[in-house]
2 protein chains.
Amino acid sequence: MLEKRQPIAVETAVERVAACIKTLPIIEKPLEEADGDILAESVIADHDVPPFDRSPYDGYAIRAEDTAQASRTEPVRLKVVDKIGAGDVAKKAIEPGTAIRIMTGAALPKGADAIVKLELTREEGDAVWINRRFHSGDNLSLQGEDAKKGTPILDAGRPITPGVKAVLATFGYARVKVYKKPTVGVIATGSELLDIDEPLVPGKIRNSNAYMILSQIKKAGGIPLDLGRMADDFEQSYRAVKRGLDVADVLITTGGVSVGDFDYLPAIYKKLGAEVLFNKVAMRPGSVTTVARLGDQLLFGLSGNPSACFVGFELFAAPYIKGLQGNRLPYLTKMKAVLGHDFPKANPFTRFVRAKVTWEEGDRAIVRPVGLDKSNAVVSLAETNALMVLPGGTKGYEKGALVDILLLFGEGRGEFSIENLSGHRV
Amino acid sequence: MLEKRQPIAVETAVERVAACIKTLPIIEKPLEEADGDILAESVIADHDVPPFDRSPYDGYAIRAEDTAQASRTEPVRLKVVDKIGAGDVAKKAIEPGTAIRIMTGAALPKGADAIVKLELTREEGDAVWINRRFHSGDNLSLQGEDAKKGTPILDAGRPITPGVKAVLATFGYARVKVYKKPTVGVIATGSELLDIDEPLVPGKIRNSNAYMILSQIKKAGGIPLDLGRMADDFEQSYRAVKRGLDVADVLITTGGVSVGDFDYLPAIYKKLGAEVLFNKVAMRPGSVTTVARLGDQLLFGLSGNPSACFVGFELFAAPYIKGLQGNRLPYLTKMKAVLGHDFPKANPFTRFVRAKVTWEEGDRAIVRPVGLDKSNAVVSLAETNALMVLPGGTKGYEKGALVDILLLFGEGRGEFSIENLSGHRV
């Protein structure tokens, strides 16, 4: 008896997955090991940045009023009473008629209210000549100009980039609180699958999905666990899934979710007592993408077709894996791009076309579908850096049309928002 | 005596660094460990993909001409003579009046020339009813439709993404040739620097640059080596640099390249016998960025100011580190964005403003400068995901202007091309 499945809209499916996100525990690690981790604490400036008035240049600290009469024809001469490197503090204050030689980053001496760049001075013995007028405040890097004490600087939930590290180091975070990363198990199903190092034989193909997904998991910040392959056998598959749920926070399977006689995942979810959140999405490819919940664990049943598997991962599994880490930007960035060539294919369902976006000579991004647009295509995935989103109910697009794309790189965004995408919203 | 330095254009500086790139040796590693590595071999399809005609759906393999008369009112009945799962090969051929039950991904049986989806059939005992006409070729996934044997699939020089991994797995690359990653040593100079876990004291700041650069190196695919700090002392600094050149492929220093009395890097380059490629670039921030060559090694002397250091790294050091790995897309992607608010600052030099690009409701990217636009700013680096490029010789920009930006994320491009950026091209 053929199971009837009720397709749901992409947005609804994304929302159902999002509702299951519970962030993992917070751990602490050395700052140098935290690249790409998600910050689990907000940072408020505990001191002014910079922490003192300082010189942004190599030159002389002066009292501006001493230069009030200075000109090319009548330069003023100031006596140099001290010399301070960065990290030093001047032992003397500046009195009228004196200057202090100062290096970039050094604290402004008492009495000084301006800096003259070295290039604009002429040194002579223990004095310096200045031939133009300076004003109070000229060339100062003022205490707190970058950030005042008490200012919120970093919000929890953001990935730790090089720039974020610079800020954490500035505020003394030798160790930093981040969210634990989820372990994500991957099981590939399908008796047609060969290991990567096996020779091809009639009827079989190599298991490309597992390598792809393990890599996608890393990109999403998860810790991938390769749990091997399972043949199209119910008992073996059931045991593999049970074991996967024991060892991983999240379990991803590829294949076995369709309606074929050897598609055992639906029966496995049932035997496990897992609640199926959805088993059909109004989209192409990946319409059979299934997500089930057992306690706090999600099981992602992705298509066995490489392109469908890829898209299902990016739309549903990646945001979940990022969400578990407290990442507040778990969704793909959406932008507009100009279609680089005709895409005449009619489009009954919302379609996520594997595409490549480039920035060429013009003002806008150009997007072009790559390779074969079929759910079982694999070669085109190498070129894919974006998904072109074509709403259902359209009759193809012409070169030059402005279309939505989702970027497969970069920071992401906080909300999933492909508004009214589908002609088949349920 | 104050050294006179001759500024060169950004493009010229980038070209001088590029001319020093010699790719590192090629190594082989397991595919599962190669994420983000740069592919060192080109891949040509050694078999058709898919390797055989197959079924993209669960359903029945048939002879199309058997359905020539089929209609809703007069469906045809075909005898089911076999059932094949993915990975199996049919034992029987299809004769007139027969069908074979077939699963997604299974090889097309002999005699069949079309697939009927399971949903469009009605099963009855050992037979199946079909109520519409199919044509030869309907619903087939044909041998070689994704890629023909002999087709170039992947070029050497590209980063290994999840999609590239899927392709490598498809073609049986259990191990893959990639370029060695360079070790990149980092030495922070400046007596004003405190370790990250030291309390602030007057005149001193914490060493944020080293953490930032170590993280930028990882992002560029290098292996970072933290070689500590050196005080503003010539002999100590010289020894630290010598040692750095012994242990790392590339050496980066921060600070010490300016014209101050404690800026020892120029003297160190001289004592080493290193050739200075440039020591002044017509840009802000980072004008003092210096690059020197000793044999096959480059020494990058970045500014001690965090923003200048960050920009100098991204424009000069990152492409070099990527280039050593054979990455053919070492430069930041350039695109156009709409300025999100006024930037009234006059602009005598080409300026690389730390900025944040977002894609909001409109059709174009919006870019906004973040925080304080000074070379010694650090807090704004946390928000920075792009550099806004403002050519020299301009008097500021108004909200809504279309400006060039360089993306700090994504794949990069093959050429550095900020055309005629500078009003001060030398």
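Worth knowing before you read on, the calculation uses all heavy atoms, side chains too, and leaves out hydrogens, waters and symmetry mates.
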Which residue out of B/F310, B/F409, B/Y211 racks up the most heavy-atom pairs below 4.5 Å with chain A?
B/Y211

For the atom pair CH2 (A/W359) and CD1 (B/I405), what is the distance rounded to the nearest 0.5 Å?
8.5 Å

How many angstroms lie between CZ in B/F52 and CG in A/L200, if you round to the nearest 0.5 Å?
8.5 Å

Please identify, among B/E198, B/K204, B/K83, the residue contributing the most non-hydrogen atom pairs under 4.5 Å to chain A.
B/K204

Considering only heavy atoms from C-beta outward, does the side chain of B/R364 approach that of A/K336 to under 4.5 Å?
no

Looking at side-chain heavy atoms only, is the closest gap between B/D263 and A/D58 below 4.5 Å?
yes

Looking at side-chain heavy atoms only, is the closest gap between A/L214 and B/K165 below 4.5 Å?
no

Is it the side chain or the backbone of B/V378 that comes within 4.5 Å of chain A heavy atoms, both, or neither?
both

Salt bridge present between A/E145 and B/K374 (N-O < 4.0 angstrom):
yes

Counting heavy-atom pairs closer than 4.5 Å to chain A, which one of B/D363, B/V167, B/T384 comes out on top?
B/D363

Interatomic distance, OG@B/S208 vs OH@A/Y173, rounded to 0.5 Å, equals 14.5 Å

A/E32/B/K218 ion pair, N-O < 4.0 Å
no

Count the heavy-atom pairs under 4.5 Å between each of A/T170, A/D226, A/V164 and chain B, then report the option with the highest count.
A/T170

Highest number of heavy-atom pairs under 4.5 Å with chain A among B/I205, B/V49, B/L408 belongs to B/I205

Using a cut-off of under 4.5 Å for heavy-atom pairs, which of A/I196, A/L168, A/L381 has the most such pairs with chain B?
A/I196

Please give me the minimum heavy-atom distance between B/A174 and A/D197, naming the atom from each residue.
CB-CB, 4.1 Å

Who wins among B/G371, B/A106, B/A86 for the most heavy-atom pairs under 4.5 Å with chain A?
B/A86

So for B/R101, is it side chain, backbone, both, or neither that comes closer than 4.5 Å to the heavy atoms of chain A?
side chain

Please find the pair of heavy atoms, one from B/N376 and one from A/S141, that lie closest to each other, and give the distance.
ND2-OG, 3.4 Å

What residue, out of B/A107, B/P162, B/G255, has the most heavy-atom pairs lying under 4.5 Å from chain A?
B/P162

So, taking the atom named CE in A/M335 and the one named OG1 in B/T358, what distance separates them when rounded to the nearest 0.5 Å?
11.5 Å

Under 4.5 Å from any heavy atom of chain A - which part of B/I160
neither

